[in-house]
2 protein chains.
Amino acid sequence: MHDSQPPDLMTAQPALKAIDIPQLKTVCSSCSLRELCLPIGLSQSEIEQLDQLVYTRRRIKRGENLYRAGDEFASLYAIRSGFFKSNVLLADGRDQVTGFHMPGEIMGLDGISIDRHACNATALEDSEVCVIPFARLEEASHQVRSLQHHFHKVMSREIVRDQGVMMLLGSMHAEERLAAFLLNLSQRFVSRGYSPAEFHLRMTREEIGSFLGLKLETVSRIFSKFQHEGLIGVQQKHIRIRRVDGLRALLDRGD
Amino acid sequence: MHDSQPPDLMTAQPALKAIDIPQLKTVCSSCSLRELCLPIGLSQSEIEQLDQLVYTRRRIKRGENLYRAGDEFASLYAIRSGFFKSNVLLADGRDQVTGFHMPGEIMGLDGISIDRHACNATALEDSEVCVIPFARLEEASHQVRSLQHHFHKVMSREIVRDQGVMMLLGSMHAEERLAAFLLNLSQRFVSRGYSPAEFHLRMTREEIGSFLGLKLETVSRIFSKFQHEGLIGVQQKHIRIRRVDGLRALLDRGD
DNA sequence: ACATGGGGTTGATCTGCGTCAATGCGGAAA
DNA sequence: TTTCCGCATTGACGCAGATCAACCCCATGT
């Protein structure tokens, strides 16, 4: 009915707490995502400072919300596994998707502004996040200059990313938007060690459309068109990119 | 005729430079914009810390760039007077406007990400900015916790603002976009002490259109339509909002 | 195996906005 | 003042993408 908090693994099982094997702890220093996530660019000892503050994880089931618009803001979240969308409920009841997020990415930055989240974060598949209490992060970045600097970069990167989406929505045609979307996904999968050419979409056509400012029928039609042209292979949510250059060519020739 | 900036008392008169009366220096603590700008929410003594680092101003003539995409990033800029647009040059030569900026707002946050600016900042009228060397800002916010926290809020606010634009571009029709645009401008003018109902647009129809993902003819037509409906008065760049509620009503009823 | 339902595809038609083109206006310079 | 030029307005027409509608596919539960 409501999104009940799954019991926290670290703190809910006192039986485990004596064992404390390093690899099993939620620590950044041993996390395979450390090159993508908050720790990027930090030294080993600095990452160990992060370990101090990222002490909780949270599991979110597919369809449930990590947070909702209006919720009090207390923490940032680093995605450890799974897939999320950011979305807001519009006046007319539709929900507008404002972003998709994958492992290693930080969610919740919008909440800092007024201490309340500005959008929902909904899991598109069963997911797990690292909870980063924001007050502690500020404390830590007060101690560690490079962490402060890096955190600024993370926020700035988010601003640049959003401006990229604004450009996409403001100046591109449907086909270009979808090409840009696929290339962007591909690139993000690559830097996570997955295939650049083959992946599963975690979101529906409607969610893609909402994000790109298109209707689901248009998204579907363009997928089919790309397929006929040999640019991609589509089978439901499974995508195979056949000609990256073909997709990129769509972007270069303005309109 | 046009909104001429009152000549700046502080820096324009070299005869004064030896005197160095505190009130005449470029200091945040005596700046009329301090309630809108970086100093917001800081105590008097904390603001005085800011005075240390904001020691330069820069004048930008109408049409000139404060910075360009690709320029090395070194400083943030607080607008002291004037009006700017952010814009990027697209592959096809058009330039896409990604934002408009007025006094008290901070520009350049996009540059932190990769130490280069991601867009141009072009003055739409003769303008003046306070230069905030970023390294010094980080240094200062390392010292002053509340400054650090506030700076995070400034960045987060920018993220929220961008997401608002994404929603506008992703889900609104032309009339709704323009209504939202006018209401947004009006609100920002109000908080700067100007009339909410009457203002001069500093940008052309084409720039508005670029920002809103519309063509200039569409912008023009909708201005005319709004005028016929009695919602606003338009005379070239002069706008008078006659029925705020009428404009707001356009937004509430989804589509 | 079968039924069910949510997502996806595809076609026909409609329309909001883009495009192209002509005209008007007002501020800057001579 | 007159000329000029960039910007704005307005109209006629076309098209990309929305809308409406039918059908299909596949995953899920019984």
Side-chain angles (χ1 to χ4, degrees), chain A residues 61-63 85 92 94-97 124-126 168-179 181 200-229 232-239 250 253-255, chain B residues 1-4 61-63 85 90 92 94-97 122 124-126 168-179 181 200-229 232-239 250 253-255:
Chain A
K61 286 230 188 63
R62 175 192 159 93
K85 67 173 176 183
D92 62 353
R94 292 200 329 280
D95 95 350
Q96 164 77 26
V97 175
L124 294 178
E125 62 185 30
D126 293 359
L168 179 147
L169 292 171
S171 75
M172 290 185 185
H173 288 189
E175 290 187 19
E176 304 172 290
R177 293 184 195 184
L178 212 44
F181 175 71
H200 271 278
L201 298 175
R202 269 72 170 187
M203 69 297 281
T204 66
R205 303 289 191 261
E206 183 168 24
E207 286 162 337
I208 297 173
S210 171
F211 178 60
L212 295 179
L214 302 170
K215 294 291 151 180
L216 70 294
E217 294 96 329
T218 305
V219 173
S220 181
R221 267 184 252 274
I222 292 174
F223 273 150
S224 299
K225 179 156 187 273
F226 282 176
Q227 185 163 39
H228 291 142
E229 294 171 347
I232 63 175
V234 192
Q235 219 164 245
Q236 301 294 125
K237 290 192 152 62
H238 186 81
I239 298 282
L250 281 174
R253 62 135 186 81
D255 80 277
Chain B
M1 208 88 296
H2 69 298
D3 307 275
S4 64
K61 285 230 187 62
R62 174 192 161 96
K85 67 172 175 183
L90 297 178
D92 62 353
R94 292 200 328 279
D95 96 348
Q96 164 78 25
V97 176
T122 311
L124 294 178
E125 61 184 32
D126 292 359
L168 178 148
L169 291 172
S171 74
M172 290 185 184
H173 288 188
E175 290 186 19
E176 304 172 289
R177 292 184 196 185
L178 213 43
F181 175 71
H200 270 277
L201 298 173
R202 269 70 171 188
M203 69 296 281
T204 67
R205 303 289 191 262
E206 183 167 25
E207 286 163 337
I208 297 173
S210 171
F211 178 61
L212 296 178
L214 303 170
K215 292 292 151 179
L216 71 293
E217 295 95 329
T218 305
V219 173
S220 181
R221 267 185 253 274
I222 293 175
F223 273 151
S224 299
K225 179 158 186 274
F226 283 175
Q227 184 162 39
H228 290 142
E229 294 171 348
I232 63 175
V234 192
Q235 220 165 244
Q236 302 290 125
K237 291 192 153 62
H238 185 82
I239 298 283
L250 281 175
R253 63 139 185 80
D255 78 277

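Please read these numbers as outputs of a predicted model, since none were measured by experiment. Note on naming: letters A, B, ... go to the chains in the order of the sequence lines (proteins, then strands), and numbering restarts at 1 for each one. For the numbers below, each heavy atom of this structure counts, side chains included, while hydrogens, waters and symmetry mates do not.
- Scanning for side-chain hydrogen bond (donor to acceptor under 3.5 Å, both in side chains) contacts around H238(A) gives E198(A), H200(A), with sequence neighbours left out.
- One interatomic measurement links the two molecules: CZ of R94(B) to C1' of dG18(C), which rounds to 12 Å at whole-angstrom precision.
- Annotation: side-chain contact (heavy atoms from CB on, under 4.5 Å) contacts of Q236(B) (sequence neighbours excluded): none.
- Looking only at distances, a side-chain donor or acceptor of R177(A) sits under 3.5 Å from a matching main-chain atom of L212(A).
- Atom-to-atom, NE2 of H173(B) to P of dT15(C) comes out at 13 Å; the value is rounded to the nearest Å.
- Considering only the side chain of K215(B), dT19(C) comes nearest among dC17(C), dA18(D), dT19(C).
- In this structure, CG of L124(B) is placed 12 Å from P of dC7(D), rounded to the nearest angstrom.
- Applying the salt bridge (charged side-chain N to carboxylate O under 4.0 Å, His left out) rule to R205(A) yields no partners; only residues at least two apart in sequence or on another chain are considered.
- With sequence neighbours left out, E206(A) forms a salt bridge (charged side-chain N to carboxylate O under 4.0 Å, His left out) with no residue at all.
- Listed by chain and number, the residues in a salt bridge (charged side-chain N to carboxylate O under 4.0 Å, His left out) with K225(B) are E175(B), E229(B) (sequence neighbours excluded).
- Partners of F226(A) under the ring pair (Phe, Tyr, Trp, His ring centres under 6.0 Å) rule, at least two apart in sequence or in another chain, do not exist in this structure.
- I208(A) has its CD1 atom 16 Å from the P atom of dG17(D), to the nearest Å.
- The salt bridge (charged side-chain N to carboxylate O under 4.0 Å, His left out) test applied to E217(A) returns no partner, not counting sequence neighbours.
- Taking atom CG on L214(B) and atom P on dA8(D), their separation rounds to 15 Å, with Å as the unit.
- When the C1' atom of dG16(C) is taken as reference, atom CZ of R177(B) falls 11 Å away, rounded to whole Å.
- Here dA18(D) presents its P atom at 13 Å from CD of E175(A), a figure rounded to the nearest Å.
- Checking each of R62(A), R202(A), K237(A), K85(A) against E125(A) for a salt bridge (charged side-chain N to carboxylate O under 4.0 Å, His left out) leaves exactly one that passes, namely R202(A).
- Between its opening and closing five pairs, the helix from dA1(C)-dT30(D) to dA30(C)-dT1(D) changes axis direction by 50°, a value rounded to 10 degrees.
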Next item on the list: Report, as a single string ordered 5' to 3', how protein heavy atoms within less than 4.0 Å touch nucleotides 6-11 of chain C: B base, S sugar-phosphate only, - not at all.
Entry: -SSBBB
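- In this structure, the CD1 atom of I222(A) is 12 Å from the C1' atom of dA18(D), given to the nearest Å.
- Here G209(B) lies out of heavy-atom contact (under 4.0 Å) with every strand.
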